[in-house]
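Have a look at the structure below before the remarks.
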Amino acid sequence: MVLRILVPLFVLLCASSASAQCLGDGVQLFPTPGAIVPTNTRFLLEGVGTARPQVAALVGKKLRLVADKHVVEVKALRGWESSLGRATVILKVSGKLEPDTRYTLRVDEVIPNVMVLNGPSTVLPEWRTGKGPDGFAPKWLKRPAVSEGILRRTPQGTARFVRLNLSLREESPAYLVVKLEPRRPGPSVQQYVVPVHNNTAFIGHEACSGTFAMEDGRSYRARIEAFDSAGQMAPPVPPVDFEAPAE
């Protein structure tokens with residue numbers, strides 16, 4: 001059954017950071033820079049705007065993770081692309097990370113002067129490893145369900161998001177890979193990465209996110225997969241159907 005989303009006034013006035021006008025040009029990383037990650041973590045590097053083709057071109061190339069007394073290579077593997085103006089590659093660590101160690105990803109060596117769009121600052125992204133590897137795949141405590149819609153008008157256009165409530169039993173940071181498509185013929189399927197924060201995730205688009213945009217009241221289907229930082233997947237769940245927030 002399709003869930004019709006009501007957009008309360010306070011959501012429009014106090015929309016979360018998920019409905020910012022535009023991300024700008026640069027890269028985002030998962031896990032979010034500054035997080036504590038397991039020693040068997042993998043990383044996702046997403047190019048946004050003008051950085052999209054630069055990130056897509058990294059497939060097959062190597063980057064460096066650098067600590068004070070340890071350097072490891074990570075290889076860029078093919079991930080996901082969409083007309084949301086984004087491309088994501090998977091960074092697989094070659095070797096082992098040391099526990100309780102701070103690592104910096106030298107993304108500047110492959111994309112000079114790149115702007116990091118998420119994390120505590122715009123400097124080079126870094127993480128600290130925990131005590132060891134994450135050996136257990138995430139498990140659902142609460143399957144994803146749409147709770148509300150968020151709509152925001154800006155000079156650049158209209159941003160639309162839906163909020164997903166969910167809960168996972170998982171020790172390391174988690175993220176969703178979402179395949180989003182209209183339930184009637186229309187734009188091609190979009191596939192992109194959505195972080196999970198405090199049992200919440202947002203799917204949708206900013207006002208300037210490429211050629212794809214959710215339309216007023218149109219029905220959509222989201223096929224959702226959940227992964228932990230080590231790349232382990234939670235059990236499959238049924239797709240989530242909803243209607244886009246309408247003006």
Side-chain angles (χ1 to χ4, degrees), residues 18 20-33 35 37 41-66 72-95 103-119 122-127 156-157 159 161 173-182 186-196 201-214 222-231 233:
Q21 290 183 12
C22 301
L23 276 175
D25 300 315
V27 297
Q28 296 192 106
L29 292 114
F30 182 86
T32 302
V37 299
T41 194
R42 68 175 187 175
F43 301 91
L44 303 181
L45 175 64
E46 180 184 67
V48 180
T50 58
R52 174 190 175 184
Q54 294 173 291
V55 168
L58 293 178
V59 174
K61 297 181 180 179
K62 293 181 179 180
L63 292 78
R64 296 194 308 147
L65 270 174
V66 178
V72 294
E73 290 185 336
V74 293
K75 185 175 182 179
L77 307 177
R78 188 172 305 279
W80 308 275
E81 291 191 60
S82 82
S83 57
L84 283 160
R86 301 183 181 187
T88 304
V89 296
I90 300 168
L91 301 181
K92 184 177 180 181
V93 178
S94 301
Y103 286 92
T104 300
L105 180 65
R106 295 305 306 268
V107 66
D108 59 315
E109 295 177 346
V110 292
I111 308 179
N113 303 314
V114 68
M115 179 71 72
V116 178
L117 302 175
N118 66 336
T122 57
V123 298
L124 290 175
E126 60 180 35
W127 301 263
Q156 291 77 23
F161 287 86
Y175 63 92
L176 310 179
V177 176
V178 177
K179 293 181 181 179
L180 185 65
E181 59 186 325
S188 60
V189 176
Q190 306 299 315
Q191 187 172 8
Y192 55 100
V193 179
V194 179
V196 176
F202 293 89
I203 53 177
H205 63 90
E206 296 92 2
C208 51
S209 288
T211 59
F212 177 78
M214 291 194 295
R223 303 182 188 277
I224 298 170
E225 297 176 326
F227 295 85
D228 63 16
S229 298
M233 189 174 75

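Note that these values count all heavy atoms, side chains included, but never hydrogens, waters or copies made by symmetry.
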Give, for atom OH of Y192 and atom CG of L180, the distance between the pair rounded to the nearest 0.5 Å.
-> 5.0 Å
When you look at L124 and V116, which way does the side chain to side chain contact (heavy atoms under 4.5 Å, CB included) test go after all the steps?
-> CA-CA 7 Å; L124 290 175; V116 178; 5.8 Å; no
Looking at side-chain heavy atoms only, is the closest gap between Q191 and V177 below 4.5 Å?
-> yes
Kindly indicate whether the side chain of I90, heavy atoms from C-beta on, has any atom under 4.5 Å from the side chain of W80.
-> yes
Roughly how far apart are K179 NZ and I224 CD1, rounded to 0.5 Å?
-> 12.5 Å
So do V107 and P125 actually touch side chain to side chain, heavy atoms under 4.5 Å?
-> yes
Please work out which of the three classes, parallel, tilted or perpendicular, describes the rings of Y175 and F227, given edges at 30° and 60°.
-> parallel
Distance-minimising heavy-atom pair for E81 and A87 = CG-CB, 3.8 Å
How many angstroms lie between atom CZ of F30 and atom CG of L91, to the nearest 0.5 angstrom?
-> 12.5 Å
Output all residues satisfying salt bridge (Lys or Arg N to Asp or Glu O under 4.0 Å) with R223, sequence neighbours left out; order by chain, then residue number.
-> E181
Output for pair (Q28 CD, T88 OG1), nearest 0.5 Å, gives 9.0 Å
State, to 0.1 Å, how close V196 and A201 come at their nearest heavy-atom pair, and which atoms those are.
-> CG2-CB, 4.5 Å
In Å and rounded to the nearest 0.5 Å, what is the NZ to NZ distance from K61 to K75?
-> 13.0 Å
Heavy-atom pair of closest approach, residues A222 and V178 = CB-CG1, 4.1 Å
Pairwise side-chain contact, L176 with I203, heavy-atom cut-off 4.5 Å (strictly under) = no
Residues P31 and A35: closest non-hydrogen pair is CB-CB, 4.3 Å
Taking all non-hydrogen atoms of both residues, which atom of V55 and which atom of G47 are closest, and how far apart?
-> CG2-CA, 3.5 Å
Could you state the interatomic distance from CE (M115) to CG (D25), rounded to the nearest 0.5 Å?
-> 9.5 Å
Please tell me if the side chains of I111 and L58 come closer than 4.5 Å, counting only heavy atoms from C-beta onward.
-> yes
Report yes or no: does N118 contribute a side-chain atom to a donor-acceptor pair with the main-chain N or O of L29 at less than 3.5 Å?
-> yes
Check: T41 side chain, S229 main-chain N or O, donor-acceptor pair, under 3.5 Å = yes
